[in-house]
Amino acid sequence: MNNKVSVVGAGNVGATAAQRLAEKELCDVVLIDIVEGVPQGKALDLTEAAPIEKHDAKITGTNSYEASAGSDVVIITAGIPRKPGMSRDDLISTNAGIMKNVTEQVAKLSPNAVLIIVSNPLDAMCHVALNASGFPKERVIGMAGVLDSARFRAFIAMELDVSVENTHAFVLGGHGDTMVPLPRYSTVAGIPITELIAKDRIDALVDRTANGGAEIVSLLKTGSAYYAPASAAVEMTESILKDKKKVLPCAAYLQGEYGLHDLFIGVPVKLGSKGIEEVIEIKLTDDETAALKHSADAVQELKDILKKLG
Ligand SMILES: NC(=O)c1ccc[n+]([C@@H]2O[C@H](COP(=O)([O-])OP(=O)(O)OC[C@H]3O[C@@H](n4cnc5c(N)ncnc54)[C@H](O)[C@@H]3O)[C@@H](O)[C@H]2O)c1
């Protein structure tokens with residue numbers, strides 16, 4: 001393959017992302033984890049599936065970073081996942097240490113890479129990665145909105161019994177209970193869902209979307225969602241590798257856009273080979289502005305916790 005993508009964290013999200021990247025023949029994949037044998041075993045298993053899945057992507061599993069050198073994109077999923085009853089914010093201290101360490105190693109060997117951050121608490125981990133990498137803000141991007149809007153789209157399709165391919169959804173804000181789904185910009189075949197679904201049902205779908213992660217955690221009992229999160233990270237990676245310039249909701253470092261400063265928050269961005277090529281600003285209603293502000297306050301709280309932790 002012409003492109004190289006490294007995935008740090010060979011757990012559920014990382015290994016599934018590696019599988020999807022390879023099966024789409026988007027790139028060679030380097031899978032890195034701290035646990036000895038796990039990335040090697042999963043990489044070998046994926047390699048042995050290649051003849052059946054008909055792809056020629058090389059998948060390397062390793063505990064060190066050398067093989068990741070010169071990556072075009074690095075997806076960081078390293079960390080501990082949320083357990084039932086645990087909020088994303090509880091994870092902050094442990095995962096901040098892991099994120100700092102991983103990012104420093106990655107940045108040294110792949111100075112031109114675009115970083116896609118997956119580990120939770122997402123918005124806070126993006127801040128850690130931005131600082132630890134020293135990369136420009138365009139090349140540190142958080143994965144949250146693509147997942148949240150995919151969940152919203154799945155629920156809209158289920159509600160109306162239509163193809164998921166006809167659905168578009170728009171979600172702003174931080175990744176968590178304060179996310180801001182925007183029904184008036186969410187459509188089925190171009191028709192706003194506000195014209196197709198009754199308000200009380202839209203509210204129910206919005207609520208299910210905002211709690212989408214917790215719903216899966218409570219079903220799985222151990223671990224959190226990974227199929228859809230991996231798909232979301234891979235969609236972002238594909239847009240970057242192919243310079244597709246897809247407009248996707250991602251956590252971006254805002255410096256004045258939407259009236260927010262020095263915060264990672266989910267907004268629509270254009271993703272191309274340089275990373276974030278544009279933050280797209282849309283007009284919000286007063287209610288939506290208030291909801292975004294509420295979400296930004298939650299991210300600011302996480303940032304303050306990080307500051308306290310040093
Ligand atoms: N942004 C989102 O929407 C979203 C969605 C799903 C999961 N997540 C988050 O992604 C992360 C991964 O989730 P998962 O389900 O794959 O968890 P997992 O436990 O299956 O995998 C995490 C992996 O990270 C590895 N790891 C830990 N410390 C490391 C280090 N220092 N260096 C390299 N590897 C290290 C672990 O050994 C493990 O294999 C979690 O933080 C989870 O909360 C975020």
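In what follows, every heavy atom counts, from backbone to side chain, and hydrogens, waters and symmetry copies are set aside. One-based numbering, in listed order, for ligands and for the atoms of each.
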*Asks:* Give the atom numbers and elements of ligand 1 that come within less than 4.0 Å of a heavy atom of Asn95.
*Replies:*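 Answer, ordered by atom number: 41 (O).
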*Asks:* Is the closest side-chain heavy-atom distance between Leu115 and Arg139 below 4.5 Å?
*Replies:*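 A side-chain contact under 4.5 Å is absent here.
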*Asks:* May I ask you to identify, for Ala78, whether its side chain, its backbone, both or neither come under 4.0 Å of ligand 1 on a heavy-atom basis?
*Replies:*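 Both of them.
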*Asks:* Could you say whether the N/O atoms of Met143 and ligand 1 ever approach to under 3.5 Å?
*Replies:*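 Met143 vs ligand 1: N/O contact under 3.5 Å present.
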*Asks:* Where the closest heavy atom to atom 28 (N) of ligand 1 is concerned, which of Val146, Asp148, Ile98 has it?
*Replies:*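 Residue with the shortest heavy-atom distance to the ligand atom: Ile98.
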*Asks:* For the pair Tyr253 and Phe264, name the ring-plane relationship: parallel under 30°, tilted 30 to 60°, perpendicular over 60°.
*Replies:*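 Rings of Tyr253 and Phe264: tilted, as their planes differ by 30° to 60°.
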*Asks:* Going by atom types alone, do Gln40 and Asn63 pair a side-chain donor with an acceptor below 3.5 Å?
*Replies:*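 Checked: Gln40/Asn63 side chains pair up, N/O donor to acceptor below 3.5 Å.
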*Asks:* Show me which atoms of ligand 1 lie under 4.0 Å from any heavy atom of Ser119.
*Replies:*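 Within the 4.0 Å cut-off of Ser119, ligand 1 contributes 9 (C), 10 (O), 11 (C), 41 (O).
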*Asks:* Distance under 4.0 Å to a non-hydrogen atom of Thr77: what atoms of ligand 1 satisfy this?
*Replies:*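 Under 4.0 Å from Thr77, ligand 1 has these atoms: 11 (C), 12 (C), 22 (C).
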*Asks:* Quick check: Val13 and ligand 1, any N/O pair under 3.5 Å apart?
*Replies:*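 Min N/O separation from ligand 1 is below 3.5 Å for Val13.
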*Asks:* Looking only at heavy atoms of Val38, does any of them come nearer than 4.0 Å to an atom of ligand 1?
*Replies:*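 Val38: no contact with ligand 1 (<4.0 Å).
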*Asks:* Got a second to check how far Met236's CE is from Ile116's CD1, nearest 0.5 Å?
*Replies:*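 Answer for the CE-CD1 pair, Met236 versus Ile116, is 4.5 Å.
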*Asks:* Give the atoms of ligand 1, by number and element, whose distance to some non-hydrogen atom of Pro229 is under 4.0 Å.
*Replies:*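 Checking each atom against Pro229, I get 5 (C), 6 (C).
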*Asks:* When you compare the side chain of Thr209 with that of Met179, does any pair of heavy atoms fall below 4.5 Å?
*Replies:*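 SC-SC contact between Met179 and Thr209 confirmed.
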*Asks:* Any N or O on Asp33 sitting closer than 3.5 Å to an N or O of ligand 1?
*Replies:*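 Yes.
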*Asks:* Are Glu277 and Lys245 within salt-bridge range, i.e. N to O under 4.0 Å?
*Replies:*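 Salt bridge between Glu277 and Lys245, a charged N being under 4.0 Å from a carboxylate O: yes.
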*Asks:* Considering only heavy atoms, does Val35 approach ligand 1 within less than 4.0 Å through its side chain, its backbone, both, or neither?
*Replies:*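 Side chain only.
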*Asks:* Within the 4.5 Å heavy-atom criterion, are Lys58 and Lys4 side-chain neighbours or not?
*Replies:*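 They are not in contact (no side-chain heavy atoms under 4.5 Å apart), so the answer is no.
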*Asks:* Please report whether ligand 1 has a polar contact with Asn101, defined as an N or O pair separated by less than 3.5 Å (distance criterion only).
*Replies:*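 Looking only at distances, the answer is no, because the N/O contact criterion of under 3.5 Å is not met.
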*Asks:* Is there a polar contact, in the sense of an N or O pair closer than 3.5 Å, between Ile32 and ligand 1?
*Replies:*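 Between Ile32 and ligand 1 (N or O atoms, distance only) the closest approach is not under 3.5 Å.
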*Asks:* Who passes ring pair (Phe, Tyr, Trp, His ring centres under 6.0 Å) against Phe170, sequence neighbours left out?
*Replies:*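 By the ring pair (Phe, Tyr, Trp, His ring centres under 6.0 Å) rule, Phe170 matches Tyr185.
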*Asks:* Out of curiosity, is Gly223 lining ligand 1, as in a heavy atom under 4.0 Å away?
*Replies:*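 Outside the 4.0 Å threshold, so no.
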*Asks:* I want to check something: taking the side chain as every heavy atom from C-beta on, are His168 and Ser186 in contact at a cut-off of under 4.5 Å?
*Replies:*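 The answer is no; the side chains never approach within 4.5 Å.
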*Asks:* Give the atoms of ligand 1, by number and element, whose distance to some non-hydrogen atom of Val102 is under 4.0 Å.
*Replies:*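 Going through ligand 1 atom by atom, the ones under 4.0 Å from Val102 are 32 (N).
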*Asks:* Would you say Ser68 and Ile32 make side-chain contact, with heavy atoms under 4.5 Å?
*Replies:*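 They are in contact (side-chain heavy atoms under 4.5 Å apart), so the answer is yes.
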*Asks:* Are any of the heavy atoms in Thr16 under 4.0 Å away from ligand 1?
*Replies:*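 Per 4.0 Å heavy-atom rule, Thr16 does not contact ligand 1.
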*Asks:* By number and element, which atoms of ligand 1 are closer than 4.0 Å to a non-hydrogen atom of Leu122?
*Replies:*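 Here the atoms of ligand 1 in question are 1 (N).
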*Asks:* With a 4.0 Å heavy-atom cut-off (strictly under), which part of Leu147 contacts ligand 1: side chain, backbone, both or neither?
*Replies:*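 The side chain, only.
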*Asks:* Could you list which atoms of ligand 1 come closer than 4.0 Å to a heavy atom of Ile80?
*Replies:*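 Those of ligand 1 that fall under 4.0 Å from Ile80 are 40 (C), 41 (O).
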